[in-house]
Student: 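Pasting a structure below so you can have a look.
These figures come from a predicted structure and were not determined experimentally.
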Amino acid sequence: MKFFLLALSLCLTLTAADIDTKLYEGNNTVAYYKEVGKGIDLEPSNTQEDKERITAERNILGKLDSLLVYEPKINAFPKKLLPDDQNISMENYFSFLNALTDFYTTLDTLKEEKQVMLAKLEYLKETIGNTTADNKQNLLLNQLEYAFYKLKKKNNTASTKAHKALLVTEEERFVSKLKQVIFDTNALEKKLTELNTKYAAVLQEETALNMSKERELMYRETLSDVLNKKLSSNSIEKMNILTAKINQTLLLTLAYVQKNETEKVLDLFHGSKEDIQSLDTALQKHFTFKRTIVKTLLDKEVGAGTVALSNVQQGAESLYVYTYEKLTEPLFVFNEHGISTIDIITVIFIFIFGFLLAAFYKRKIMKLATKHEKLSLSSAKMISNIGYYFIVLVTLLVALKSIGLDLSNLGLIAGALSIGIGFGLQTVVSNLAAGIILMFERTIRLGDYIEVSDTIRGTVNDMKMRSTTITTNDNIDVIIPNSSFIQNNVINWTLENDYRRIHIPFSVAYGTDNDLVEKIILDELKHSGINYIEMPTKYTTVIWMTGMGASSVDYELVVWVRGTSTLRPAGTKSDFLKFLYVILRKHQIEIPFPQMDLHIRNNQTLTLDA
């Protein structure tokens, strides 16, 4: 015997990291318990801690015997409530439903106990695996505890299996007996209506009591006993009425199932879910089990597909309601009006729609200008810009109105803007005002060739409210603020028409016949390829003598041009100068250059002092 105990102790020490499976499985488990018990008796009890540990080991070892021969205990169903050969009252049928619900509760309890035992077994397994020679005194206790929870888990599984088997049988019996039940549908409907009325009154009373609670807390730190009692009584009454309402709803659902009124069945069944969610956690679980049993009956009697489709529809409706509530929930308050996510989305949508509409209008007007000759490009630009900004302004007002902003307060906004204008937006406003003036005066239009300064001249390419874009002959875009056109002198070369007279200077040597010069140049000009206007009655080409210089006689060729020649003055002048140079050389007319002749009047000898 001493040899066996020594071997057992040595085994527990050397194999501390392993679970002793002989404590809960095998054919010789009971005999093994006796040997372990003898080993416990021989353990030294020098300290109080040792005594408590030995006592715990003996208690656990004593319970292991009973766990080995465990038989699941199941409460019998009240089968007399559902007799086979006679009608069943709706009260007895609902009592059987309560019994099934209690069975579901038992199964849920077994499931929770199993989860707890699994956690304990995991902990004990880790503890045993980490046992070393220094802390081996608790190894046997941990092994016994592990065996205890292992056997309890095994018995829990057996009990769960037995309960499920009986539950399946009794649920099938519950479903099959529905046709024998005598339902008083009218009484059930009347009772449910009364409960709904009472529940609405209790909710109203709850609101009033909560307001009273808030008022009391405004001037007191604690609530009065009277109000506390009213609040407690209201809460209890609310739960009692709500539970009775749910029971009545489920019972009436069963009555409608018996009558094959599917639509009413699904409406009531889904409504019960919303009521259950208003209960506390414990009651929610109880009525969820009860509702699950009713759903099982619905799947068989109404059809699983119909119920599933209804659940999908109900889920979609619930999702829509939840989403709508979240979107309409105020994020912040502005002007005493709550601004929600849906308000922000609405404003963004209005702005997008408004700007798209304005852009479409602008493009449409410009397309009409290209198709109809009577509508000039500059007029189309003015109409499109005015319409564009008008649509944008209307869009802004509609967006502000959509979020509940009082447009009568725009005067305050305008006042605030005027202050901003006075401090820092003068230039911007000046340019905007100038843009509006230019649109209506039309002294500068799209396609006009203008000269702003000696270095900036070109074609008006774009006109906006704040600025105008000019494209020079060098294809450089110059953006000029509109106020510059109002405050400074601007030369518009094509305001009324594009007929322009240009002056081309040239010179000939002294002694050249004036008439000959004029005749040669005018005759040659008629046969040249240079683009100019020949209308003697109105636009006459002439040659003027402009001066007699130190080295030359100066002339100007005065000629009228139009079209592209007007829009490229430097290039046009270059073409005429090249023409004059070629013609004067052709006819051997001398083109002078500055020169000086030195004449010595007297031939005198200059004497230099030595």
Side-chain angles (χ1 to χ4, degrees), residues 443-461 470-478 480 485 488-597:
T443 52
I444 297 175
R445 301 159 300 184
L446 285 177
D448 283 354
Y449 190 83
I450 64 174
E451 183 176 341
V452 181
S453 65
D454 294 338
T455 58
I456 300 177
R457 60 185 174 188
T459 304
V460 178
N461 188 35
I470 296 175
T471 303
T472 67
N473 289 340
D474 296 329
N475 200 31
I476 297 174
D477 291 330
V478 183
I480 303 174
F485 301 112
N488 304 319
N489 294 330
V490 179
I491 299 175
N492 191 335
W493 289 50
T494 56
L495 179 60
E496 297 296 333
N497 55 58
D498 57 355
Y499 288 66
R500 291 293 174 265
R501 187 171 70 175
I502 61 175
H503 300 251
I504 314 298
F506 68 96
S507 302
V508 299
Y510 277 100
T512 306
D513 187 349
N514 292 330
D515 295 335
L516 179 63
V517 170
E518 184 174 348
K519 181 178 182 304
I520 289 172
I521 291 176
L522 292 177
D523 289 343
E524 291 288 347
L525 185 61
K526 293 177 182 179
H527 300 92
S528 68
I530 299 176
N531 183 23
Y532 74 102
I533 300 174
E534 284 188 274
M535 295 178 63
T537 57
K538 187 173 182 180
Y539 304 108
T540 306
T541 301
V542 296
I543 294 176
W544 292 343
M545 180 185 288
T546 58
M548 292 182 290
S551 304
S552 64
V553 180
D554 300 326
Y555 294 90
E556 275 188 355
L557 172 61
V558 181
V559 62
W560 290 84
V561 296
R562 64 172 300 183
T564 57
S565 297
T566 303
L567 302 181
R568 44 187 295 272
T572 302
K573 184 177 181 180
S574 174
D575 292 340
F576 280 102
L577 287 173
K578 289 178 182 179
F579 162 76
L580 290 171
Y581 180 77
V582 171
I583 295 304
L584 292 176
R585 286 195 63 185
K586 176 181 176 182
H587 293 275
Q588 297 179 352
I589 298 175
E590 183 181 355
I591 301 174
F593 53 87
Q595 58 184 344
M596 181 179 292
D597 294 333

Student: Could you check whether Asp575 and Tyr532, counting side-chain N and O atoms only, form a donor-acceptor pair closer than 3.5 Å?
Tutor: no
Student: List the steps and the verdict of side chain to side chain contact (heavy atoms under 4.5 Å, CB included) for Val561 and Tyr499.
Tutor: CA-CA 6 Å; Val561 296; Tyr499 288 66; over 6 Å; no
Student: Please enumerate all residues that pass side-chain hydrogen bond (donor to acceptor under 3.5 Å, both in side chains) together with Asp523, with sequence neighbours excluded.
Tutor: Lys519
Student: Starting at CG of Leu525, measure out to CD1 of Ile530 and round the result to the nearest 0.5 Å.
Tutor: 6.0 Å
Student: Does any part of the side chain of Val508, heavy atoms only, come nearer than 4.5 Å to the side chain of Glu590, both counted from C-beta?
Tutor: no
Student: With distance as the sole test, does Ser574 use its side chain to make a donor-acceptor pair with the main-chain N or O of Ala570 at under 3.5 Å?
Tutor: no
Student: Give the intermediate values and the outcome of side chain to side chain contact (heavy atoms under 4.5 Å, CB included) for residues Tyr449 and Arg457.
Tutor: CA-CA 7 Å; Tyr449 190 83; Arg457 60 185 174 188; 3.8 Å; yes
Student: Are the side chains of Ser565 and Lys573 in contact, using a 4.5 Å heavy-atom criterion?
Tutor: no
Student: Drop me the distance from Ile502's CD1 to Leu557's CG, to the nearest 0.5 angstrom.
Tutor: 7.5 Å
Student: To check you understand the geometry: which heavy-atom pair defines the closest contact between Ile533 and Thr541, and what is its length?
Tutor: O-OG1, 3.9 Å
Student: Roughly how far, to the nearest 0.5 Å, is CG of Asp448 from CD1 of Ile470?
Tutor: 10.0 Å
Student: Does Asp477 offer a backbone N or O that forms a donor-acceptor pair with the side chain of Thr471 under 3.5 Å?
Tutor: no
Student: Does Asp513 reach the main-chain N or O of Asp515 with its side chain, forming a donor-acceptor pair under 3.5 Å?
Tutor: yes
Student: With side chains defined as the heavy atoms from C-beta onward, is the minimum distance between Val490 and Ile444 less than 4.5 Å?
Tutor: yes
Student: Count the heavy atoms of every other residue, nucleotide or ligand shown that sit under 6.0 Å from CG of Asn488, and state whether that count exceeds 12.
Tutor: yes
Student: Applying side chain to side chain contact (heavy atoms under 4.5 Å, CB included), run through Ile456 and Ile480 and close with a yes or a no.
Tutor: CA-CA 10 Å; Ile456 300 177; Ile480 303 174; 4.2 Å; yes
Student: Identify each donor-acceptor pair in which a side-chain atom of residues 547-556 lies under 3.5 Å from a protein atom, sequence neighbours left out, and give them as a table.
Tutor:
from	atom 1	to	atom 2	distance (Å)
Ser551	OG	Gln595	N	3.3
Ser552	OG	Asp554	OD1	3.0
Asp554	OD1	Ser507	OG	2.7
Tyr555	OH	Asn514	OD1	2.1
Glu556	OE1	His503	ND1	2.9

Student: Working to the nearest 0.5 Å, report the span between OG1 of Thr512 and CD1 of Ile520.
Tutor: 9.5 Å
Student: With a 3.5 Å cut-off and sequence neighbours excluded, list the donor-acceptor pairs that the side chains of residues 581-589 form with protein atoms.
Tutor:
from	atom 1	to	atom 2	distance (Å)
Tyr581	OH	Arg585	NH1	3.4
Lys586	NZ	Glu524	OE2	3.4
His587	NE2	Glu524	OE2	3.2

Student: Between Thr546 and Phe506, does the side chain to side chain contact (heavy atoms under 4.5 Å, CB included) criterion hold? Intermediate values first, please.
Tutor: CA-CA 10 Å; Thr546 58; Phe506 68 96; over 6 Å; no
Student: I need the Ile504 CD1 to Ile543 CD1 distance, nearest 0.5 Å.
Tutor: 11.5 Å
Student: What distance separates Ile491 CD1 from Ile450 CD1, expressed to the nearest 0.5 Å?
Tutor: 10.5 Å
